[in-house]
Protein chains: 2
Amino acid sequence: MDVSGRTYPQLALDLQLCFPLYAATRAVTKRYVTLLKGTGLTYPQYLVMLVLWESEEPRSVTSLGHRLRLDSGTLTPLLKRLETAGLVRRDRDPGDERRVLVSLTGDGRALEEQVSGVPQQLGTSMGITRDEALALRDQLTDLVDHLDTAESS
Amino acid sequence: MDVSGRTYPQLALDLQLCFPLYAATRAVTKRYVTLLKGTGLTYPQYLVMLVLWESEEPRSVTSLGHRLRLDSGTLTPLLKRLETAGLVRRDRDPGDERRVLVSLTGDGRALEEQVSGVPQQLGTSMGITRDEALALRDQLTDLVDHLDTAESS
DNA sequence: CACAACTATATTGTGCACAACTCAATAGCG
DNA sequence: CGCTATTGAGTTGTGCACAATATAGTTGTG
């Protein structure tokens, strides 16, 4: 890698780490488009569905946001699209009318079986073993934790 | 981690790897907003500037796109904003009128010095050593390469 | 009870990403 | 030379992300 001519060689590092991270996310998202074709889900919608499938109970918008680190500005329109698609219902919590509870419809629940092969297919596409995936997960999780604490300083 | 109750436990893995990757990219992007405040650059704009700073010659839109894996639909409006900000110029290549050559202005070149501390600050925020960063970079690069070849199949 | 502080969601505006498409310019070929 | 195929950039439309703001509902306090 040629960095010899740069006035500020340290800037090359940003292209070397931050760019691959950025590119990897877009590559994964792109792969999901193919894998999720037929379900009509986008990648962020799939992540929301994963959280709902893992929950026994309906979840509020804020609760989904905490799990996925997304705010209402992103989730509200996304959830409306899932509602239009007939995969979720959105009902005001009778006990606290500020809250909107998101619950799965029959179709939404049924979709889980249809995508059950996706993680396996993606694992193959990424060309890494389960152990490598778990190690990578840990590094990325650490990174997010560090950035979260750094942001508040 | 409780996955015992799931009908399809393999779906938990997508939340365990793909979600951290997705969250890490957004956390890094968010950190850059703070670090780049004052320059007026967004994270994708900063990446474009990094490529221009590392180039001796003006680059075409396609050439920038290959380096950053972005298409003209993303780059054209982004480059127009950089042009409006006075950081780059966009001129048709006299030798091939289809091509638009992107070159740095004096202001654009001067900005390099102003952001030269950013990689160091980000490294601190991420809480990883240079060696860890390079190892992570290699894993992510491998991942992108695998996904690229998988996509075409 | 009145009312200020707080909470949960929704809305608005900006900026990516990317697929699909258009259009102008160029290259290649008979 | 004339015609077709290709290439490079731009446009359009959809769907995130997220900051900033608005609004309705709730809670705590005097």
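Reminder, nothing fancy here: chain letters follow the sequence lines and each chain counts from 1.
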Euclidean distance, atom CG of residue A:Leu75 to atom C1' of D:dA17 [Å, nearest integer]: 10 Å
Qualifying salt bridge (charged side-chain N to carboxylate O under 4.0 Å, His left out) pairs with a residue from residues 70-90 of chain A, counting only residues at least two apart or across chains: A:Glu83-A:Arg90, A:Arg89-A:Asp91
Distance (rounded to the nearest 0.5 Å) between A:Met49 CE and A:Arg109 CZ: 9.5 Å
Sugar-phosphate, base or nothing in reach of A:Ser60, heavy atoms under 4.0 Å: sugar-phosphate
Separation of atom CG in A:Asp96 from atom C1' in D:dG28, rounded to whole Å: 15 Å
Complementary nucleotide of D:dA17, counting Watson-Crick and G-U pairs under 3.5 Å: C:dT14
Nucleotide D:dC18, atom C1' - distance to CG of A:Leu64 in whole Å: 17 Å
Whole-Å distance separating the CG atom of A:Asp91 from the C1' atom of D:dG25: 17 Å
Polar side-chain contact A:Arg98-C:dT9 base: donor and acceptor under 3.5 Å: no
Phosphate OP1/OP2 of C:dA25: any B:Arg99 side-chain N/O under 4.0 Å: no
CD/B:Glu97: more than 12 non-hydrogen atoms of other groups inside 6.0 Å: yes
Under 4.0 Å protein heavy-atom contacts per nucleotide of nucleotides 11-16 of chain D, with B for base, S for backbone only and - for none: B---SS
Side chains of B:Leu50 and A:Tyr8 in contact at under 4.5 Å (non-hydrogen atoms): no
Atom-pair distance (CZ on A:Arg92; C1' on C:dT7), nearest Å: 12 Å
Parallel, tilted or perpendicular: rings of B:Tyr43 and B:Tyr32 (30°, 60°): parallel
5' precedence on DNA chain C between B:Leu70 and A:Leu79 (nearest-nucleotide basis): A:Leu79
D:dG10 phosphate, OP1 or OP2, under 4.0 Å from B:Arg90 side-chain N/O: yes
Distance, rounded to the nearest Å, where A:Asp71 contributes CG and C:dT7 contributes C1': 15 Å
Heavy-atom side-chain proximity of B:Leu147 to A:Lys30 below 4.5 angstrom: no
Separation of atom CZ in A:Arg69 from atom P in D:dC18, rounded to whole Å: 11 Å
Length of the line joining B:Glu97:CD and C:dT26:P, which is rounded to integer Å: 6 Å
side-chain contact (heavy atoms from CB on, under 4.5 Å) between B:Leu41 and B:Leu111, worked out: CA-CA 10 Å; B:Leu41 292 175; B:Leu111 199 61; 3.6 Å; yes
